[in-house]
Amino acid sequence: MKIATFNINGIKARIEVLLAWLDESQPDIVGLQEIKSQDEPFPRAAFEEKGWHVETHGQKGFNGVALISKIPPSEVNRGLPGEEKGEPDEQARFIEGVWETDAGPLRVVSLYLPNGNPVGEDRKWGYKLRWMERLHRWSQERLALEEMLVLAGDYNVIPEPRDACHPENWAGDALFQPESRAAFRRLLALGLTDAIRACDGSEGLFTFWDYQAGAWPKNNGIRIDHLLLSPEAADRLLSADIEKHVRGWEKPSDHVPAAVNLRVES
DNA sequence: ATGGTGGAGGGTCCA
């Protein structure tokens, strides 16, 4: 069972790239981020024609997440619970699906964590830190189910210096602040496994290269797209990979897909 | 010069 995450930076601008990648990569479940579309105008027919099932959680203009899968999910939940219990998030950044497998239910989340810049401004930076606390509480509750869980998405967090080509350039950025990195470590401390890192400890594993200043040809990238696995999912982890070559395609996203393979046979 | 580029939408806001 191949589960992938891909920040596509606009579904309307990325239909061709996404269809080509789905055809090549053959994932079973994909979490998309930054669809930048409301649910109604999402071009779902282009995917349904090729046999994909589509679940969206969009909003106008920016943000927005989706789940694309070969088999339809048995359950879908939209939105990360808010500050107060039962209060919905004001931004579309979270969608959860459940799929039935021979090894039991598999929960997959597509999340788009707030960027958080500029640091210090409550509307952006405070929102990011509060969102990470909410994600922590939600993860704690889900982990208590002791099921296979994959928290996949654009975390907008560079976990460690080795996850950036030039870590010194990110010193003042919300993606590399001690507070956001600590919040990411607290998520891992719940018992979640960073699948890409668990499979490859080397430097130079990146998932994002800015469109500007020739970042891609210089390989000036960062690793901010992550797949965090519950112990039950990590026990079944076969491999994890970043599909870096997609950044070199025509009209690419600034992110590339990352994926895990889980053994879900009983 | 201090978002240099790119996406969405039709304002600028966002990253």
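This is a predicted model, so every value here is computed, not measured.
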Query raised in the report: Whole-Å distance between B/dG3 P and A/Leu175 CG?
Result: 16 Å
**Report entry** Exceeds 12 heavy-atom contacts within 6.0 angstrom, atom CG of A/Leu238
**Finding:** yes
Query raised in the report: Roughly, in whole Å, what's the span from CG in A/Leu113 to P in B/dC14?
Result: 17 Å
Requested in this report: Assign each of A/Phe208 and A/Gln59 to its nearest nucleotide of DNA chain B by heavy atoms, then name whichever residue's nucleotide is nearer the 5' end.
Outcome: A/Gln59
Query raised in the report: Would you say a side-chain N or O of A/Lys60 is under 4.0 Å from OP1 or OP2 of B/dT12?
Result: no
Query - Pi-cation contact, A/Phe208 with A/Arg223 (under 6.0 Å, within 45°) - result: no
Query raised in the report: When rounded to the nearest Å, what value does the distance between P atoms of B/dG10 and B/dG4 take?
Result: 23 Å
Requested in this report: Could you work out the separation of B/dT2 and B/dG7 based on their P atoms and round it to a whole Å?
Outcome: 23 Å
Query raised in the report: Is A/Lys60 atom NZ crowded by more than 12 heavy atoms from other residues, nucleotides or ligands, each under 6.0 Å away?
Result: no
Query - Nearest-nucleotide 5' precedence on DNA chain B, A/Arg93 against A/Ser37 - result: A/Ser37
Report task. Figure out the NZ/P separation between A/Lys12 and B/dG7, and round it to whole Å. Result -> 13 Å
Report task. Check the side chains of A/Asp194 and A/Tyr155 for a donor-acceptor pair under 3.5 angstrom, ignoring hydrogens and angles. Result -> no
**Report entry** A/Phe184 ring center near A/His226 ring center (under 6.0 Å)
**Finding:** yes
Requested in this report: Check the side chains of A/Thr5 and A/Asp225 for a donor-acceptor pair under 3.5 angstrom, ignoring hydrogens and angles.
Outcome: no
Query - Spacing of A/Glu16 atom CD relative to B/dG7 atom C1', expressed in whole Å - result: 17 Å
Query raised in the report: Nearest-Å distance, CD (A/Glu34) to C1' (B/dC14)?
Result: 8 Å
Pull out every protein N or O sitting under 3.5 Å from an N or O of nucleotides 4-6 of chain B, one pair per line with the distance.
none

Query raised in the report: Taking everything shown except A/Glu203 itself, do over 12 heavy atoms lie less than 6.0 Å from its CD?
Result: no
Requested in this report: Could you give the distance separating B/dG6 and B/dG11 at their P atoms, to the nearest angstrom?
Outcome: 24 Å
Query - Nearest-angstrom distance from the residue atom CD of A/Gln38 to C1' of B/dG10 - result: 14 Å
Report task. With heavy atoms under 4.0 Å as the rule, sort A/Tyr112 into base, sugar-phosphate or nothing. Result -> sugar-phosphate
Requested in this report: For nucleotides B/dT12 and B/dA1, find the distance between their P atoms and express it as a whole number of Å.
Outcome: 26 Å
Query raised in the report: Can a side chain N or O of A/Arg123 be found less than 4.0 Å away from OP1 or OP2 on B/dC13?
Result: no
Requested in this report: Could you state the atom-to-atom distance from CG of A/Asn117 to P of B/dC13 in whole Å?
Outcome: 17 Å
Report summary line: Heavy atoms of A/Leu187 and A/Leu192 approach each other most closely as O-CD1, 3.5 Å
Requested in this report: Pick the P atom in B/dA8 and in B/dG3, then give their distance to the nearest Å.
Outcome: 22 Å
Report task. Using the P atom on both, measure B/dG9 against B/dC13 and round to a whole Å. Result -> 16 Å
Query raised in the report: Separation of A/Ile11 atom CD1 from B/dG9 atom C1', in whole Å?
Result: 17 Å
